[in-house]
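Each ligand, and each atom within it, is numbered from 1 in the order the structure gives. Numbering starts at 1 and runs along the sequence shown.
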Amino acid sequence: MQIILPEKIRSIISVLNHGGYSAHAVGGCVRDMLMGNQPQDWDITTSARPEQVKRLFKITFDTGLKHGTVTVNFAGQLCEITTWRTDLCYSNHRHPEQVRFTDSLEADLARRDFTINAMAFHPDEGITDPFGGMEDIGKKRIRSVGDPAGRFNEDALRMLRAIRFSAQLGFDIEEPTYDAIKDLHGDIAYISFERIRTELDKILSSVHPEKLALIWDTRLSDHIFPGIPAFPESCVKACHSPYTGKGQVFILSSLFFGAFNKDRDKHAETLLRRLKYDNRTISGVKKVLWAAETLKTPSLRNIRLASHLYGAIASEMAANILALGGSWHNKGIFATNLSQIAEQQRLLISGADLIGRGIGEGREIGAILSLLHLCIHEKPQLNDPEILLMLSEELHGKLHRHNLL
Ligand code: ATP
Ligand code: MG
């Protein structure tokens, strides 16, 4: 695999090298490049201390001096440069309070969470991969650097990160690593809900949101989603659904829809607030759950009502969740989108049919058709050509007599 670093990242590395320091691209960007994906951001690991880095570049920001990180703006390219370090003093199973700078690249790679994240790259030296990260990319597996239990003990968030990477990359978590998550799942309680939510969001918006199931399989769910003892079938289906509006709100709504039989909106609000979700997501999920209540009985009337009260997007999501649950299949309706449903509820006679039968003329036709529309919104069974023609004759006669047309 040929790795070509962007010009400006090469220049940053070269500035550090010319300053007498070692410097490599590291972590997620190396992993992504090896997999042929575009890295989201660029991290550099260096033997230079933060103050030495700051002396070499004009524009720098002290993003995490305590952890050895300086952000550099090099000709518009932002890049985090972190001094080689080992982590010390993990207190309370969280990320380290204190770090110690080291003089070895390998020691820096050893503090990283998974083998696929513990590789470095230099344009002249190639890949540094002391823990078999390349092999694990080939085998599509997530494996802890070193003893998994020890590593999760240091920082419990890594358990959820393993699931997150598995969802983003479509990899499996290798057995000893996975077993350690199952053993230590309770430690996730040491991690703040904000950090948990960040990982959760990455899972929900990944290409494999169905990996959410691992949260229940490992029992991390005991802490993250108390009151939802099993991963609901509706959510499994939502994760696999081809529905194009899939996303956090859709999947979370399907989760609460399947997990609870009543007061779904209240349960959703409580759990999402606890996870520090923003108001927009919470109200989005509640609207979908309310729309689902309205749409349980599928009729154009209810679709109109739900769209009016909760908006077309929430209604469409609700219709899809109901369709996945089978509630709508009985009616022969599969909700891929609301306009399709509306189309299926189109009147089965036209103005031409009325004219052909000598029922009404001109404007009268339009008035009769709109009354027939109202009838089928209320009672879809009336949408039958014979019944509709009968109703038209009746309506035309009566309304004409009373001068109402
Ligand atoms: P992303 O594409 O989401 O940015 P990433 O691998 O770059 O993925 P980051 O969270 O940005 O992930 O972290 C950058 C690197 O820092 C990781 O690749 C990993 O080497 C290391 N790292 C981050 N968080 C941890 C952690 N909790 N424990 C150990 N190493 C970590
Ligand atoms: Mg990153």
Side-chain angles (χ1 to χ4, degrees), residues 6 9 24-46 63-64 67-69 71 77-100 102 105-121 127-134 136-137 142-171 173 177 180-181 184 187-188 190-192 194-208 211 220:
I9 300 296
H24 296 77
V26 72
C29 64
V30 176
R31 176 199 70 222
D32 289 343
M33 280 188 299
L34 285 169
M35 292 180 66
N37 299 333
Q38 180 59 34
Q40 306 203 337
D41 42 37
W42 296 91
D43 293 315
I44 286 178
T45 186
T46 182
T63 27
H67 294 111
T69 305
T71 300
Q77 170 73 57
L78 290 176
C79 179
E80 278 197 359
I81 303 181
T82 304
T83 305
W84 290 344
R85 61 176 220 222
T86 52
D87 295 336
L88 285 181
C89 274
Y90 287 93
S91 59
N92 267 339
H93 311 269
R94 276 178 236 149
H95 54 110
E97 295 291 307
Q98 230 188 314
V99 302
R100 181 171 57 202
T102 146
L105 172 62
E106 299 217 351
D108 180 83
L109 294 175
R111 73 163 166 95
R112 294 169 187 272
D113 48 5
F114 304 108
T115 60
I116 56 168
N117 290 344
M119 291 181 278
F121 175 78
I127 298 278
T128 306
D129 176 21
F131 306 105
M134 294 238 266
D136 286 337
I137 286 181
I142 314 283
R143 187 160 63 88
S144 284
V145 171
D147 168 49
R151 304 310 309 280
F152 294 142
N153 219 342
E154 290 169 353
D155 180 357
L157 187 70
R158 290 174 186 154
M159 299 191 282
L160 199 51
R161 280 173 63 87
I163 296 176
R164 185 259 277 200
F165 286 117
S166 145
Q168 287 181 324
L169 307 173
F171 285 16
I173 302 169
T177 300
I181 301 177
L184 297 170
D187 288 352
I188 196 72
Y190 291 109
I191 304 297
S192 75
E194 283 87 352
R195 295 180 78 210
I196 291 177
R197 196 214 44 237
T198 303
E199 296 302 321
L200 207 52
D201 272 343
K202 290 184 179 177
I203 299 171
L204 291 171
S205 56
S206 73
V207 283
H208 292 284
K211 296 278 187 182
L220 287 167

Asks: Is Arg111 touching ligand 1 with its side chain, its backbone, both, or neither, if touching means heavy atoms under 4.0 Å apart?
Replies: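 Backbone only.
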
Asks: Which atoms from ligand 1 have a heavy atom of Arg31 less than 4.0 Å away?
Replies: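 Answer, ordered by atom number: 2 (O), 5 (P), 6 (O), 8 (O).
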
Asks: If you check every N/O/S atom of Asp41, which is the one nearest the Mg ion (ligand 2)?
Replies: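 Result: OD1.
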
Asks: Does an N or O from Asp32, backbone or side chain, lie closer than 3.5 Å to an N or O of ligand 1?
Replies: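 No.
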
Asks: How long is the span from the SG atom in Cys29 to the CD1 atom in Ile9, to the nearest 0.5 Å?
Replies: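 Reported value, rounded in 0.5 Å steps: 7.5 Å.
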
Asks: Should one rank Arg161, Gln40, Arg151, Arg112 by closest heavy-atom distance to atom 22 (N) of ligand 1, which comes out on top?
Replies: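 Heavy atom nearest to atom 22 (N) of ligand 1 belongs to Arg161.
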
Asks: Closer than 4.0 Å to some heavy atom of Phe165 - which atoms of ligand 1 meet that?
Replies: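 Listed by number with element, the hits are 6 (O), 8 (O).
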
Asks: Under 4.0 Å from a heavy atom of Arg164: which atoms of ligand 1 are those, numbered in the order shown and with their elements?
Replies: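 Reading through ligand 1 atom by atom, the close ones are 1 (P), 3 (O), 8 (O), 10 (O).
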
Asks: Would you kindly specify which portion of Glu80 sits under 4.0 Å from ligand 1, judged on non-hydrogen atoms: side chain, backbone, both or neither?
Replies: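 Within the 4.0 Å criterion, Glu80 makes no contact with ligand 1.
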
Asks: Is there a polar contact between ligand 1 and Gln168, counting only N or O atoms under 3.5 Å apart?
Replies: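 No, no N or O pair falls under 3.5 Å.
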
Asks: Measure from atom 19 (C) of ligand 1 to every heavy atom in Asn37, Asp113, Thr115, Asp43 and give the option owning the shortest one.
Replies: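 Minimum heavy-atom distance to atom 19 (C) of ligand 1 goes to Asp113.
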
Asks: For Gly27 and ligand 1, does the shortest N/O to N/O distance drop below 3.5 Å?
Replies: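 Not met; the criterion fails.
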
Asks: Evaluate the criterion side chain to side chain contact (heavy atoms under 4.5 Å, CB included) for residue pair Ile137 and Thr115; output intermediate values, then yes/no.
Replies: CA-CA 9 Å; Ile137 286 181; Thr115 60; over 6 Å; no

Asks: Knowing that exactly one of Arg158, Arg164, Lys211 qualifies, which makes a salt bridge (Lys or Arg N to Asp or Glu O under 4.0 Å) with Glu199?
Replies: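 Per the salt bridge (Lys or Arg N to Asp or Glu O under 4.0 Å) rule, the option paired with Glu199 is Arg164, out of Arg158, Arg164, Lys211.
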
Asks: Is the closest heavy-atom distance from Asp155 to ligand 1 below 4.0 Å?
Replies: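 Yes, Asp155 has heavy atoms under 4.0 Å from ligand 1.
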
Asks: Taking Ser205 for the side chain and Asp201 for the main chain, is one N or O donor matched with an acceptor at less than 3.5 Å?
Replies: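 Yes: the side chain of Ser205 pairs with the backbone of Asp201.
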
Asks: Pairing donors with acceptors under 3.5 angstrom, does anything connect the side chains of Arg112 and Asn117?
Replies: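 Their side chains do not contain a donor-acceptor pair, so the 3.5 Å distance test is not met.
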
Asks: Using a strict cut-off of less than 4.0 Å between a Lys/Arg side-chain nitrogen and an Asp/Glu carboxylate oxygen, indicate whether Glu194 and Arg197 qualify as a salt bridge.
Replies: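 No, this pair does not count.
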
Asks: Could you tell me, atom by atom, which parts of ligand 1 come under 4.0 Å of a heavy atom of Arg158?
Replies: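 Ligand 1 atoms under the 4.0 Å threshold to Arg158: 26 (C), 27 (N), 28 (N), 29 (C).
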
Asks: Please check if atom CD in Gln40 has more than 12 non-hydrogen atoms from other residues, nucleotides or ligands closer than 6.0 Å.
Replies: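 No, the 6.0 Å shell around CD holds no more than 12 heavy atoms from other groups.
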
Asks: Looking only at heavy atoms, which two atoms of Val30 and Ala25 are closest? And how far apart?
Replies: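 The answer is CG2-O, 3.4 Å.
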
Asks: Is a side-chain donor-acceptor pair under 3.5 Å present for Thr82 with Thr69?
Replies: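 Looking only at side-chain atoms, Thr82 and Thr69 do form a donor-acceptor pair, the distance falling under 3.5 Å.
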
Asks: Considering only heavy atoms of Lys202, which atoms of ligand 1 have at least one such atom less than 4.0 Å away?
Replies: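 Under 4.0 Å from Lys202, ligand 1 has these atoms: 3 (O).
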
Asks: Heavy-atom pairs closer than 4.0 Å: do any link ligand 1 to the side chain of Phe114, the backbone, both, or neither?
Replies: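 Neither; nothing of Phe114 gets under 4.0 Å from ligand 1.
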
Asks: Taking only heavy atoms of Gly28, which atoms of ligand 1 are found under 4.0 Å from at least one of them?
Replies: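 The atoms of ligand 1 under 4.0 Å from a heavy atom of Gly28 are 5 (P), 6 (O), 7 (O), 18 (O).
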
Asks: Between Arg161 and Asp113, does any side-chain N to carboxylate O distance fall below 4.0 Å?
Replies: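 Salt bridge between Arg161 and Asp113, a charged N being under 4.0 Å from a carboxylate O: yes.
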
